[in-house]
Amino acid sequence: MKILTQDLAKKVEREVRDGIYEYWINNTIDYKNGGFFGRILNNGNAEPDAPKHLILNIRILWGFSRAYNHFKDNQYLKLAQRAYHYIITNFWDDKNNGLFWELDSKGNVINDRKQIYGQAFGIYAFSEYFKACKDDSVLEFADKLFDAIDVYGLDKEYNGYFEAFSRTWEMIDDVRLSSVDMNEKKSNNTHLHIIEAFTTYYEIKKDKRVKERLINSIDIMLNKIMHRDTYKFTLFFDEKWNRKSDTISYGHEIEAAWLIHEALSAVDDCYFYLSRKPYILTILNNCFNQYLDGKNGINGMYNERLGNGTVDSDKIWWVQAEACVGFFLAYQITGDLKFLKTVNNIWNFIDSYLIDKTNGEWYWYATDEKTKKKLPTKINEWKSLYHNSRACIELLERINLKIREENNE
């Protein structure tokens, strides 16, 4: 199996460096207005007047920071520095703390809401960038975001985190992340990325309060958001944790499996880890047995199951990326080769139908000559270098770890 994993690692490294990051270096920098373009079409043409969204920019900061921390290539650090300075200059609210949701193309605030999802990504990105630059002033921004989420976002009565606030941290009526989301007080998506943020932040801080909030967030996911009878996750809830949706998001489930596992490992408590590890394996087995298209995912992983039972069979870029990491984790834990075969199959599917071999980066939807289904944009507020670059680097690190373990047997 060493040859199989080594071959996969070569393909993945070539794609993440020569495909994904090279695309971002050559196509996304906005030299006129600063920072990075807010939207780029599939043909490579940027829309210079497009708004600049927090999620795109904060993920750019995280993406180049993560690249530098893995590859130690200074060109990645320089672009992380560019992203960081643009964010703290334009997105940061000096008066009230926190990150604004959206700017116009010239850097003026056009949506000043404080979405907790966005603040969590801020902690995640600032923490990763701190690992790269070791500048204490960067960590201060992460500290301020953590305090804001703790003071304003945490529901002191029913537990969990609210979705969104005004510029001055007051409750607002419309808390949706996007137009496709439900307008409910609490969501799977926000809590999942709070876990992600707190995990990286705790790795740096080793602070008691951060650890307590990380443990609490893990148990919210496993006890409130996950169905304890089916091991599936609800997407939206009201303030009192009443379920408000029946759709099952396959990508979020396999992403949750490996992110929760990372959080369990970061807590570094043997009992806590072992008592919750079986949940991770059950979630991963659910994904393997129910969400794949074809034997061992030969045709990728489906998108979601709607409340009426209809399966959305679209093959979306980020779902395939998260599936690769999740199933490799399953292979690491169990040693079962079916999971490794699945990772290879999904990667081959990505290579055939998602990677743009002409212009670089990945399409939103898997495409072939029959369907030709794709959005006109390659880059926008929700399409960045986050899911695919992260999956590639996670795979590289996990493959190398697995090879070292096999060499020591």
Looking at [X] and [Y], what are the two nearest heavy atoms and their distance?
X	Y	result
Ile298	Phe349	O-CD1, 4.2 Å
Ile350	Cys324	CD1-SG, 3.9 Å
Ala323	Ile346	CB-CD1, 3.7 Å
Ser105	Asn33	O-CB, 3.3 Å
Leu61	Ala80	CD1-O, 3.3 Å
Gly294	Asn299	CA-ND2, 4.3 Å

Regarding [X] and [Y], does a basic nitrogen lie under 4.0 Å from an acidic carboxylate oxygen?
X	Y	result
Asp143	Lys205	yes
Asp174	Arg176	yes
Arg113	Glu102	no
Glu128	Arg390	no
Arg305	Glu253	no
Arg59	Glu196	no
Lys185	Asp155	no

Counting only heavy atoms not in [X] (residues, nucleotides, ligands), do more than 12 fall under 6.0 Å from its [atom1]?
X	atom1	value
Lys95	NZ	no
Lys32	NZ	no
Lys206	NZ	yes
Asn111	CG	yes
Lys338	NZ	yes

**OP:** Decide side chain to side chain donor-acceptor pair (under 3.5 Å) for Glu163 and Thr190; before the verdict, give the C-alpha distance in whole Å, the side-chain angles of both, and the deciding distance to 0.1 Å.
**Re:** CA-CA 7 Å; Glu163 288 293 300; Thr190 291; 3.0 Å; yes
**OP:** Pick out which of Phe37, Trp101, Phe100 makes a ring pair (Phe, Tyr, Trp, His ring centres under 6.0 Å) with His53.
**Re:**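 So the option named by the test is Trp101.
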Subject >> For Phe121, the option from Tyr201, Phe91, Tyr386, Trp62 that meets ring pair (Phe, Tyr, Trp, His ring centres under 6.0 Å) >> reply: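 Of all the options given, the one that passes is Tyr386.
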Taking atom [atom1] of [X] and atom [atom2] of [Y], what is their separation to the nearest 0.5 Å?
X	Y	atom1	atom2	result
Asn388	Leu354	CG	CG	9.5 Å
His387	Glu394	NE2	CD	13.0 Å
Leu401	Gln332	CG	CD	6.0 Å
Asp293	Asn345	CG	CG	11.5 Å
Ile87	Ile58	CD1	CD1	3.5 Å
Leu8	Leu396	CG	CG	8.0 Å

When you measure from the centre of the six-membered ring of [Y], is the NZ or CZ of [X] closer than 6.0 Å and no more than 45° off the axis?
X	Y	answer
Lys277	Tyr273	no
Lys402	Tyr331	yes
Lys186	Phe236	no
Lys72	Tyr68	yes
Arg82	Tyr31	yes

Subject >> Whether Phe64 and Phe36 hold their rings parallel, tilted or perpendicular, with breakpoints at 30° and 60° >> reply: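 Phe64 and Phe36: parallel rings.
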Less than 6.0 angstrom separating the ring centers of [X] and [Y], yes or no?
X	Y	answer
Phe198	Tyr202	no
Tyr152	Phe162	no
Phe71	Tyr21	no

Original post:
Can you check salt bridge (charged side-chain N to carboxylate O under 4.0 Å, His left out) on Arg209 and Asp147, steps first, answer last?
Top reply: CA-CA 10 Å; Arg209 183 165 63 111; Asp147 289 340; 2.6 Å; yes
**OP:** Apply the side-chain contact (heavy atoms from CB on, under 4.5 Å) test between Lys11 and each candidate in Asn344, Asp351, Asn348; give the one that qualifies.
**Re:**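 Of the listed options, the one satisfying the test is Asn348.
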Subject >> From CA spacing to verdict: side chain to side chain contact (heavy atoms under 4.5 Å, CB included), Thr342, Phe328 >> reply: CA-CA 8 Å; Thr342 300; Phe328 200 91; over 6 Å; no
Original post:
Does a donor on one side chain and an acceptor on the other come within less than 3.5 Å for Glu322 and Trp258?
Top reply: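 Yes.
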Original post:
With side chains defined as the heavy atoms from C-beta onward, is the minimum distance between Leu77 and Tyr129 less than 4.5 Å?
Top reply: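 In short, these two side chains touch, coming nearer than 4.5 Å.
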